[in-house]
Amino acid sequence: MTSMKLPSRPDITPEKADADRRVLELLSNSFPNISAASTEIINLEAIMNLPKGTEHFVADLHGEHEAFIHILRNASGNIKRKVTEIFGTSLASSDIRELCTLIYYPEKKLEYITEDSSVNLSDFYNITLYRLVKVLQSVSSKYTRSKVRKALPPAFAYIIEELLHESPSVENKQAYFIRIIETIISTGQADAFIVAMCNVIQRLSIDQLHILGDVYDRGSGAHIIMDTLAAYDKFDFQWGNHDALWMGAAAGNMASIANVLRISLRYANLATLEDGYGINLLPLATFAMEVYGDDECEGFEPKVDDDTTDISDKNRRLIARMHKAIAVLQFKLEAELIRRHPEWRMDDRLLLQHVDYNRGVLMLDGREYVMTSINFPTVDPADPYRLSPEEADLVCKLRHSFRVSDKLARHVKLLLSHGSMYGIYNSNLLFHASLPMNIDGSFRQVDIQGRPYKGRALMEKTEAMMRAAFNYDTSDDDRSYATDFYWYLWCGPDSPLFDKSKMATFERYFLTDKTTFHEEKGHYYDMRNRPEVCDMILDEFGVAGPHRHIINGHVPVKLSKGETPIRAGGKLMVIDGGFAKAYHATTGIAGYTLVFHSRGFQLVKHEPFTSAEEAIRNGTDIVSTTEIVELSSHRMRVRDTDKGCELQGQIDELKELLFAYRHGLVKER
């Protein structure tokens, strides 16, 4: 049997192949002869010439699960664009809207359709199945048959594959195609088949999902977002400070736990704690009513939209008391960490010791600041950071509740397995917030456990510390430090997840002078707007390519005030557009998706999302506008991506194996 002859790589010599013989013999187990190796080379070369898959970048989801799930289902508007391209001249806009809604929410939409007595179901099934086949053919066209096959549900994989690669317009196959559709309907499988097709369309519309931090806090569905991602195919995290806060809470860091509880109470978001993770809030509620029962707790009322949130006056008062109780406890617990770690240089956060409890003022830097409240029943002015016996008991109960939450542990494990401090994907450097810098533009040196780190080394050491808190082989001392370090990452001045002079929590609650609220941002946030600084950072991380970028979240882009997410001559993209409802007034929109496809970058701006129920009933969608950020001079192929580099390496190894076969260095089987 003759085999196809491929040209050998010019750098392959008998000496090199002989030196690599052990690796080549292992490779020969998968490709036992010249024919098998040649076939795989042909397959890989073909894949290299497919268009690159579509990447989606989102940041700062902050628990807004309905909006997030919707943009996953509609691929940030890409599915509607595809449907319009295919059917724009043959379908009315209302029919396009109905088809898109079916693709986004197939199970629920089918319930409404099948319950509507005016709908001829036989006609509906016939028409819809034909349309879905055309949409799936379009979204799957940039992938190999093998990749599409892996995305298909096993129960319908063979039938879907047949429909994808046959056409009802081809005369010889027309009856075959039609009969498949008729049989799907006659056997009662139409609903299940439609659901399967819609799910595959959704899955293939996004090749890789990048989440640049802050899944947690403010919105009520962070646990739902995590559940959604657990069932998702290809995604990665770059951790944010809010994610680190919850990870620290799961590790047992009490200052992190107190912050998690305080923020949840601030936004009346008890669903994530109680329903999502089974955190028992009864001990905190009991403590708060006993200690602050006579306190109106002004300034601690939950920040909610009265038009959309139904909270009784009684619950508002309870939440306010719990909120104040945990805030005061937080300041005590943070003081314990600050004293234990003087190297963090955070003594300026030890504010309870500067309160004049008789006069109701804070004495700071020679100035007096009037306080909004002086009711601190658990604070001993002589020893303000000592826990009362009741607080100490509460701490034990709260820590236990977080530590025994199986679901929280699973979600933290997901964050660790898919996450990192930074990621590099196709010449894009991703990290949530900052890379601490000095005013002269050099990387700022940060000491961790007595050793200095800066730039890329700082990010990598930070990640190692975060993982150490959960690794079984970490020593007790190192685990204790790593657990403490999570709180520093949340609010420390040189934390790459925060990088501000302070977190002015105490001031916002208790001082009337708003000038004390100011949190001075680190130099990175200004420096990153300079193209030469971006280039220096990209060089530091070894990011190559003619079109390379830094992509951040963390700081909401105030579009309503003229800010732009595209900066430094296009080298930097800041994509925190304010998914959280609390930020909509600040940003003027309701989130961004950055889309990187084979033609280049597009930025999708989302308007506020009503609800999934509204979308299903009335065919409403997130109103999104698309802005072209950067277009490639040529359509990017797989060979132009990180995956292409990996495949090229495999091709080179296979060519060396062919050389070894032909020269008898490795025997065919």
Side-chain angles (χ1 to χ4, degrees), residues 217-218 245 249 254-270 272-274 279-304 309 311-336 349-358 360-362 369-381 383-399 401-402 487 490-491 503-514 516-517 582:
D217 290 329
R218 298 193 174 91
L245 186 66
M254 268 312 304
S256 294
I257 289 172
N259 273 278
V260 162
L261 292 169
R262 178 184 59 79
I263 295 169
S264 298
L265 290 161
R266 180 175 175 81
Y267 293 94
N269 173 20
L270 306 186
T272 302
L273 289 167
E274 295 181 311
I279 304 301
N280 182 9
L281 296 179
L282 182 59
L284 177 58
T286 302
F287 172 84
M289 289 307 298
E290 289 175 352
V291 177
Y292 295 95
D294 297 329
D295 189 338
E296 290 300 319
C297 296
E298 293 182 10
F300 289 89
E301 301 87 355
K303 293 172 68 69
V304 294
T309 306
I311 302 178
S312 68
D313 290 341
K314 181 180 179 181
N315 280 339
R316 284 176 186 266
R317 289 193 296 271
L318 176 59
I319 289 172
R321 287 166 172 79
M322 294 169 68
H323 188 180
K324 184 171 183 179
I326 200 62
V328 173
L329 182 56
Q330 172 190 314
F331 301 137
K332 292 184 176 186
L333 294 167
E334 289 178 341
E336 180 183 337
R349 295 291 83 208
L350 299 174
L351 295 177
L352 286 177
Q353 67 197 44
H354 297 294
V355 174
D356 185 326
Y357 293 90
N358 294 317
V361 296
L362 179 76
Y369 296 93
V370 177
M371 298 188 65
T372 59
S373 171
I374 200 61
N375 185 32
F376 295 103
T378 67
V379 175
D380 177 0
D383 188 4
Y385 305 114
R386 179 175 56 81
L387 300 184
S388 70
E390 294 78 13
E391 285 176 322
D393 181 59
L394 177 61
V395 163
C396 291
K397 291 175 179 176
L398 291 174
R399 179 186 282 118
S401 195
F402 274 83
W487 176 78
W490 160 244
C491 61
M503 186 174 285
T505 308
F506 183 94
E507 291 90 333
R508 292 177 188 276
Y509 282 133
F510 292 114
L511 301 186
T512 58
D513 187 342
K514 291 186 177 181
T516 64
F517 300 178

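The first residue in the sequence is number 1, and the count goes up from there.
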- Message: Assess, by modelled atom type and distance only, whether the side chains of Gln353 and Tyr385 contain a donor and an acceptor separated by less than 3.5 Å.
- Response: yes
- Between Leu284 and Leu394, the two heavy atoms sitting closest are N-CD1, 3.6 Å
- Query: Can the ring centres of Phe376 and Phe331 be said to be less than 6.0 Å apart?
  - Reply: no
- Note on the structure: Output for pair (Phe300 CZ, Ile326 CD1), nearest 0.5 Å, gives 11.5 Å
- Task: Please name the pair of heavy atoms, one in Pro377 and one in Tyr292, separated by the smallest distance, quoted to 0.1 Å.
- Result: CD-CE2, 3.7 Å
- Query: Residues in side-chain hydrogen bond (donor to acceptor under 3.5 Å, both in side chains) with Tyr509, at least two apart?
  - Reply: Arg262, His323
- Message: I'd like to check the salt bridge (charged side-chain N to carboxylate O under 4.0 Å, His left out) partners of Glu290; sequence neighbours left out, ordered by chain and number.
- Response: none
- Mark yes or no for whether Arg266, through its side chain, and Lys303, through its backbone, hold a donor-acceptor pair below 3.5 Å. no
- Message: Using every non-hydrogen atom in the two residues, find where Glu391 and Thr378 come nearest and quote the distance to one decimal.
- Response: OE2-OG1, 2.9 Å
- Query: If you take all heavy atoms of Asp513 and Thr516, which pair is closest and at what distance?
  - Reply: O-OG1, 2.7 Å
- Starting at CZ of Phe510, measure out to CG of Leu352 and round the result to the nearest 0.5 Å. 8.0 Å
- Item | Shortest non-hydrogen contact from Pro302 toward Ala268 | CB-CB, 3.7 Å
- Item | Interatomic spacing from CG in Leu511 to OH in Tyr369 - rounded to 0.5 Å | 8.5 Å
- Message: List the residues meeting side-chain contact (heavy atoms from CB on, under 4.5 Å) with Glu301, not counting sequence neighbours, and say none if there are none.
- Response: Glu298
- Item | Counterpart residues, salt bridge (charged side-chain N to carboxylate O under 4.0 Å, His left out), relative to Glu507 (two or more places apart) | Arg349, Lys502
- Find the distance between CE (Met289) and CG (Asp294) and round it off to the nearest 0.5 Å. 8.5 Å
- Do Gln330 and Thr505 touch side chain to side chain, with heavy atoms closer than 4.5 Å? yes
- Partners passing side-chain hydrogen bond (donor to acceptor under 3.5 Å, both in side chains) against Ser373 (at least two apart in sequence or in another chain): Lys324
- Query: Would you say the side chain of Pro283 lies within less than 4.5 Å of the side chain of Phe287, judging by non-hydrogen atoms?
  - Reply: no
- Ser401 meets the side-chain contact (heavy atoms from CB on, under 4.5 Å) criterion, sequence neighbours left out, with Ile279, Asn280
- Residues in salt bridge (charged side-chain N to carboxylate O under 4.0 Å, His left out) with Lys397, at least two apart? Asp393
- Just do the side chain to side chain contact (heavy atoms under 4.5 Å, CB included) check on Arg399 and Val395 with the steps written out, would you? CA-CA 6 Å; Arg399 179 186 282 118; Val395 163; 4.0 Å; yes
- Closest non-hydrogen atom pair between Asp295 and Arg321, with its separation: O-NH2, 3.1 Å
- side-chain contact (heavy atoms from CB on, under 4.5 Å) filter on Asp313, not counting sequence neighbours, yields Arg316, Arg317
- Query: In Å, rounded to the nearest 0.5 Å, how long is the span from CG of Asn259 to CE of Met254?
  - Reply: 10.0 Å
- Query: Does Thr272 have any side-chain hydrogen bond (donor to acceptor under 3.5 Å, both in side chains) partners at least two apart in sequence or in another chain, and if so, which?
  - Reply: Asn269
- CG/Leu398 to CD1/Ile257 distance, rounded to the nearest 0.5 angstrom? 7.0 Å
- Item | With Val355 via side-chain contact (heavy atoms from CB on, under 4.5 Å) - residues at least two apart | Tyr357, Leu362, Met371, Ile374, Phe506
- Task: Return the set of residues passing salt bridge (charged side-chain N to carboxylate O under 4.0 Å, His left out) with Arg386 (not counting sequence neighbours), or none when no residue passes.
- Result: Asp380, Asp383
